[in-house]
Amino acid sequence: MFAQVLFSGFALGSIYGLVALGFAVVFKATQVFNFAQGALAVCGAYFAVTAISILGLPFPLAILAMLAASALLGVIIHMTLIQPLSGRSMLAIIMVTIALSIVIRAVIEIIYGPQGRVLSTPLPTGVFIVGDLRMPKLHLTAAATSWVCMAAFGAFFRFTRVGLLMRATADRHEAAMAAGVNVNLMNRLAWAIGSVLAGIGGLFLGQLQIVSTELETIGLLALPAVVIGGLQSIPGAIVGGLLVGMIEQFSSSYISPKSTDIAIYGFLLLILLFRPWGLLGDQETGRV
Amino acid sequence: MTEPLLSVDSLDMRFGGIVALDHISLTAEKGAITALIGPNGAGKTTMFNCITGMYRPTSGSIRFAGREVAGRPAFEIARAGVARTFQNLALFPGLTVFENILCGAYLKGSSGLLQGALRSRRSRREEHEAEAEAWDILGFLGMEDLAASKPAELPYGQQKQVEFGRALMQKSQLVLLDEPMAGMSAGEKKAMSDLILRVRSDMGKSFLIVEHDIPVVMELSDKIVVLNFGRKIADGEPEAVRNDPKVIAAYIGGED
């Protein structure tokens with residue numbers, strides 16, 4: 001049983017890590033603690049439902065459309081809500097993101113109705129069996145895609161010119177402006193990336209379960225993930241996501257399925273008490 | 001007659017009821033080192049922030065290289081050819097020294113965001129050129145062996161040099177230095193003066209400098225503008241400014 005739980009913890013944790021990475025990119029760039037990250041994951045799942053089931057687009061095209069819609073959503077949120085409030089207190093901006101998540105949920109329920117939708121994709125659905133270990137192909141695909149995305153964005157930030165300028169902008173706005181960087185454009189790009197990563201996570205969560213606004217709660221596991229990993233740390237978001245996935249699956253299997261939230265948020269509390277800058281965060285700047 | 005590289009005309013900057021800059025006019029000529037001095041609170045950094053687009057001036061004109069730039073966003077003014085350093089250092093703490101300097105290179109990179117992200121052949125070539133240039137700047141500053149360090153690992157004087165290097169990387173015509181010698185020893189100040197003069201002769205850049213060390217300013221500058229409480233009280237060659245009774249009363253006299 002241990003290996004089985006480890007596997008599902010790893011697969012789900014990879015998805016949480018992906019959503020958390022999106023959260024961390026936005027937080028580093030714009031210092032916005034985005035409570036709508038879960039809602040953005042839900043949007044990604046519904047974009048996929050729309051493109052695949054309602055519009056009937058071929059799968060690759062549907063994925064492209066879903067990615068483009070997620071990116072556009074991030075850009076619109078930044079332009080209409082975040083940029084006009086820049087310089088305001090963190091509390092004001094947090095309230096806006098909470099309001100945004102509630103509005104997104106309501107809009108989705110008006111458009112798609114309150115019942116969940118089944119997301120049917122041509123992704124492989126069988127099971128790999130190795131000894132006692134059963135590995136659903138969907139979990140494997142989700143984990144593999146998550147890691148490819150995380151590696152791709154890691155390489156983007158590390159090796160490309162735009163990635164360098166985004167890191168610079170996140171580090172010090174006024175210095176970036178003085179060096180000729182269009183800071184608003186970089187921040188908009190960060191929101192697009194954050195929304196796309198949440199959307200991909202939502203796509204897989206919707207595949208593993210059913211697409212409904214309830215996915216928001218799962219998407220919001222990105223929040224404990226980034227705080228556990230370290231708010232300012234990109235690798236921390238991924239490690240935090242993995243840990244949250246593991247804690248969830250182990251507590252669910254060894255204690256009770258009802259105990260997962262207690263275990264996750266209990267661990268979060270321990271981190272806040274004893275290491276408030278997170279596992280991989282910077283003690284100077286990353287204290288929550 | 002040719003237009004000065006930078007000409008500020010009747011510039012006002014008010015914050016609520018406070019008049020930070022009161023109808024200031026000044027010019028910085030091409031190839032010259034112009035100094036902006038004055039007691040604390042005179043409005044020197046405010047003037048820098050207006051020129052570089054960090055603040056939007058209340059009224060007045062700022063012309064740079066023949067273009068009106070007052071009220072334009074900071075990144076556009078930087079791209080037009082104005083680089084600056086900050087009074088309290090503004091480096092990118094998470095980036096290496098090399099990356100800090102490299103960031104100055106991309107403001108004019110003609111291939112756009114998408115090409116940069118997709119690493120087209122043209123953007124790769126631009127990146128190679130920029131990296132070669134960043135090494136040149138590091139060599140010019142004598143800091144090649146520190147390329148992989150983080151700014152916080154360097155002493156203050158060298159951090160100032162990194163910031164200066166980023167400004168040089170911007171291929172700007174005019175460099176604004178906000179207290180480049182603050183907190184430096186006499187030897188470091190001499191090295192910084194020499195560096196500024198070397199940059200002017202080797203790279204043909206012009207400078208506008210805020211600095212408190214009056215002897216250094218007198219030595220280095222072609223022209224000095226003196227502000228006091230947001231007003232201009234003197235403007236001229238170092239010798240004339242040094243002997244101006246208003247300046248002596250407001251500032252130099254107070255120091256001695």
Side-chain angles (χ1 to χ4, degrees), chain A residues 24-25 27-29 31 67-68 71 75 83 86-87 152-193 196 230-236 280-286, chain B residues 48-49 52-54 73-86 88-96 98-109 111-120 123-124 126-127 130-131 150-152 162-163 166-167 169-172 175-176 178:
Chain A
V25 168
F27 183 80
K28 269 185 93 84
Q31 278 75 52
L67 295 176
V75 168
Q83 197 183 322
S86 72
F153 278 100
F156 167 77
F157 286 119
R158 179 74 188 76
F159 297 115
T160 71
R161 146 187 1 189
V162 180
L164 174 70
L165 295 182
M166 286 186 74
R167 281 188 289 144
T169 306
D171 259 10
R172 196 90 192 244
H173 277 192
E174 74 270 39
M177 284 196 284
V181 178
N182 186 343
V183 166
N184 280 328
L185 190 65
M186 291 299 138
N187 290 344
R188 213 163 288 161
L189 191 60
W191 272 85
I193 291 172
V196 163
L231 261 182
Q232 297 279 359
S233 165
I234 294 285
L280 302 183
D282 176 18
Q283 189 167 354
E284 297 288 312
T285 59
Chain B
F48 266 27
N49 284 339
T52 55
M54 302 275 164
F75 75 91
E76 277 186 20
I77 293 173
R79 290 178 189 188
V82 181
R84 77 173 286 183
T85 65
F86 291 79
N88 303 311
L89 271 177
L91 290 166
F92 305 116
L95 273 52
T96 64
F98 181 74
E99 288 175 325
N100 262 282
I101 289 177
L102 193 60
C103 277
Y106 290 138
L107 71 172
K108 276 186 189 154
S111 61
L113 200 63
L114 193 64
Q115 283 199 45
L118 298 176
R119 301 183 64 73
S120 72
S123 83
R124 279 207 305 269
E126 283 172 6
E127 281 174 34
E131 281 167 20
K150 291 280 170 71
V162 174
E163 200 190 24
R166 185 180 67 208
M169 194 72 191
Q170 286 176 230
K171 296 209 178 95
S172 53
V175 182
L176 276 59
D178 200 345

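Sequence lines set the chain letters: A, B, ... in the order given, protein chains first and strands last, and positions in each chain run from 1.
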With respect to chain B, which residue among Ala170(A), Ala176(A), Ala168(A) yields the maximal number of heavy-atom pairs within a distance under 4.5 Å? Ala168(A)
Please classify the contact between Leu89(B) and chain A as side chain, backbone, both or neither, with a heavy-atom cut-off of under 4.5 Å. backbone
Structural part of Ile77(B) lying under 4.5 Å from a heavy atom of chain A: neither
Test your reading of the model: is there a side-chain donor-acceptor pair from Arg79(B) to the backbone of Gly180(A), 3.5 Å cut-off? yes
Identify the two heavy atoms, one from [X] and one from [Y], that lie closest to each other, and give their separation to 0.1 Å.
| X | Y | answer |
| --- | --- | --- |
| Ala175(A) | Ala90(B) | CB-O, 3.3 Å |
| Ala178(A) | Gln170(B) | O-NE2, 3.1 Å |
| Phe92(B) | Asp171(A) | C-OD2, 3.3 Å |

With sequence neighbours left out, the residues meeting salt bridge (Lys or Arg N to Asp or Glu O under 4.0 Å) with Glu131(B) are none
Would you compute the distance between atom [atom1] of [X] and atom [atom2] of [Y] and round it to the nearest 0.5 angstrom?
| X | Y | atom1 | atom2 | value |
| --- | --- | --- | --- | --- |
| Arg158(A) | Glu99(B) | CZ | CD | 5.5 Å |
| Arg172(A) | Phe86(B) | CZ | CZ | 7.5 Å |
| Met54(B) | Glu174(A) | CE | CD | 7.0 Å |

Check side-chain contact (heavy atoms from CB on, under 4.5 Å) between Thr85(B) and all other residues, then give those that pass, not counting sequence neighbours. Glu163(B), Ala167(B), Leu177(B)
